[in-house]
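Just follow the structure's listing: the first ligand is 1, and inside any ligand the first atom is 1.
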Amino acid sequence: MKAIIGKDIKYAASLLTEGKLVAIPTETVYGLAANALDPDAVAKIFLAKNRPTFDPLIVHVASIESMNELVTKIPQKAYDLLEKFSPGPLTVLLPKSDKICDLVTAASPLVGLRIPSHPMTLELLKNLTFPLAAPSANPFGYISPTEAQHVYDQLGDKISYILDGNRSQVGVESTIIGFEEDIPTIYRFGGISQESIESVIGKVSSLTTSTSNPKAPGLLKSHYAPKKTVILGNLEKLIQRYNSDDVAVLSLSSHFNNVKHQYILSEKGCLIEAAHNLFAALRELDTLNIKYILAELVPDQGLGKAINDRLIRASTKD
Ligand code: TXA
Ligand code: MG
């Protein structure tokens with residue numbers, strides 16, 4: 001059976017209420033959703049994605065009020081960030097209440113919560129009596145989907161319905177932040193920049209490239225990875241080193257002559273536009289008959305930190 005792609009929010013709600021999986025649009029990437037309060041439904045997510053159960057899931061809700069029963073406490077800094085950036089690409093790690101089962105958090109006492117900023121998914125959440133656990137809707141380790149068709153291509157035979165909300169606006173996943181220490185920690189760079197966060201709550205630290213960090217077991221070094229080998233560096237030098245038949249070039253804004261395949265993330269060098277295009281670009285280049293994707297890091301500021309994080313993980317093979 002193949003999934004149906006459609007825009008029927010009521011139908012999506014009825015499937016989720018029956019304990020089934022539905023792919024949902026968000027402003028970051030598409031999610032693979034199930035009733036977060038039903039362990040049998042949540043287990044189906046891990047199976048469909050081939051995802052290890054040590055990798056916890058983010059829980060999606062419609063409002064800050066609906067977070068109350070899922071957590072035991074909302075620290076002031078978390079509250080301030082939620083007020084400022086929700087709905088939006090921000091995930092807060094908070095101490096979970098008994099309503100959240102261990103499968104969702106991979107046995108961590110913290111649960112990741114966010115309010116997605118997509119009108120269809122917000123309406124869906126308002127139609128439901130439970131929150132939605134949803135990882136990105138891709139096979140474990142592969143690039144996240146930013147279009148309904150991406151979900152269909154890879155998970156179309158594992159789910160029955162994909163709610164189509166057009167292309168994801170932001171294009172990279174949510175920023176994940178925890179409040180266990182006085183200085184909060186960013187565990188994953190994403191759609192809300194570190195600078196924006198610091199403008200609200202002051203200094204934060206970041207901890208985003210470890211494989212062994214128990215607070216964020218899902219942040220494996222190799223992730224968001226296409227099947228082709230991604231090589232990062234100075235593009236001009238890399239282009240000279242490889243046979244042009246073998247490569248596709250992914251640049252922020254530069255054009256290169258003498259290359260057959262190139263994808264420019266943003267002609268203007270705009271990091272917001274580049275983030276929006278990044279995953280679709282990697283997917284497209286991954287389908288070409290080439291061996292290597294040559295790519296460059298972008299300025300390490302604003303959404304550039306999220307872009308660089310994804311490029312580095314895409315280029316790591318272990
Ligand atoms: O933008 C997003 O966050 C998207 C959309 C669908 O909402 N979701 C997403 O989920 O990117 P996923 O599962 O692909 O990545 C979530 C990551 C996990 O790999 C894990 O590292 C971290 O979030 N995470 C989730 N819950 C956590 C928890 N309780 N403690 C630590 N890390 C957690
Ligand atoms: Mg993911």
Side-chain angles (χ1 to χ4, degrees), residues 21-34 36 42 45-46 48-61 70-71 85-97 100-118 121-122 124-125 131-146 150-151 154-155 163 165 168-180 185-192 207-225 275 279 303 306 309-310 313-314:
L21 302 181
V22 172
I24 56 168
T26 86
E27 81 283 24
T28 58
V29 300
Y30 275 70
L32 183 60
V42 172
I45 295 178
F46 288 92
K49 275 193 61 129
N50 199 15
R51 176 175 175 119
T53 49
F54 61 73
D55 193 1
L57 306 177
I58 293 173
V59 175
H60 299 68
V61 294
L70 307 176
V71 302
F85 299 117
S86 291
L90 175 79
T91 295
V92 291
L93 298 181
L94 300 177
K96 78 178 188 74
S97 75
I100 300 285
C101 67
D102 280 347
L103 188 56
V104 167
T105 66
S108 163
L110 303 178
V111 59
L113 290 171
R114 91 174 191 96
I115 306 172
S117 171
H118 191 291
T121 291
L122 279 176
L124 173 67
L125 285 165
L132 291 175
S136 53
N138 49 279
F140 182 68
Y142 196 69
I143 307 159
S144 298
T146 51
H150 296 164
V151 183
Q154 292 193 300
L155 297 177
L163 191 61
S168 295
Q169 267 296 319
V170 175
V172 289
E173 297 83 353
S174 59
T175 301
I176 301 178
I177 183 163
F179 306 89
E180 305 83 71
T185 308
I186 293 181
Y187 290 104
R188 177 176 71 184
F189 289 118
I192 304 283
L207 188 77
T208 64
T209 45
S210 158
T211 46
S212 54
N213 163 32
K215 294 263 171 52
L219 298 181
L220 301 172
K221 265 194 200 155
S222 170
H223 219 78
Y224 313 100
F279 288 153
L303 290 201
D309 172 81
R310 305 307 185 269
R313 289 179 207 278

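- In this structure, of V172, V29, L94, L93, the residue bringing a heavy atom nearest to atom 4 (C) of ligand 1 is V29.
- A donor atom on one side chain and an acceptor atom on the other are found under 3.5 Å apart for S174 and T91.
- Checked by atom type and distance alone, the side chain of E27 pairs as donor or acceptor with a backbone atom of S117 at under 3.5 Å.
- Put simply, the side chain of N138 gets close to the backbone of Y142: a donor and an acceptor are under 3.5 Å apart.
- The S174 neighbourhood of ligand 1 comprises atoms 1 (O), 2 (C), 3 (O), with distances under 4.0 Å to a heavy atom of that residue.
- At a threshold of 2.8 Å, the Mg ion (ligand 2) has a backbone or side-chain N, O or S atom of S136 nearer than that distance.
- Of all the heavy atoms of I176, the ones lying under 4.0 Å from any atom of ligand 1 belong exclusively to the side chain.
- In terms of polar-atom proximity, defined here as any N/O pair under 3.5 Å, S136 does make such a contact with ligand 1.
- Distances between N or O atoms of R51 and those of ligand 1 include at least one value under 3.5 Å.
- Side-chain contact of S144 with E173: a donor-acceptor pair under 3.5 Å is present, judged by distance alone.
- Here the side chain of Y30 pairs a donor or acceptor atom with the backbone of G165 at under 3.5 angstrom.
- Ligand 1 is approached by H60 to a heavy-atom distance shorter than 4.0 Å.
- Ranked by closest heavy atom to atom 25 (C) of ligand 1, the top entry among P145, P95, P56, A33 is P56.
- The heavy atom nearest to atom 20 (C) of ligand 1, considering only D55, T28, I45, L132, is found in D55.
- A distance-only check finds a donor-acceptor pair linking the side chain of T121 to the backbone of P25 [under 3.5 Å].
- In this model, a donor atom of one side chain and an acceptor atom of the other lie less than 3.5 Å apart for T28 and R114.
- Listed by number with element, the atoms of ligand 1 under 4.0 Å from a non-hydrogen atom of G112 are 29 (N).
- Of the heavy atoms in V111, only backbone atoms (N, CA, C, O) come closer than 4.0 Å to ligand 1.
- Remark: the backbone N or O of T26 is paired with a side-chain donor or acceptor of S168 at under 3.5 angstrom.
- Which parts of ligand 1 touch E173 is read off a 4.0 Å heavy-atom cut-off, strictly below it: atoms 1 (O), 2 (C), 11 (O).
- Contacts of K96 with ligand 1, taken as heavy-atom pairs under 4.0 Å, are absent altogether.
- Checked by atom type and distance alone, the side chain of R310 never pairs as donor or acceptor with a backbone atom of A314 at under 3.5 Å.
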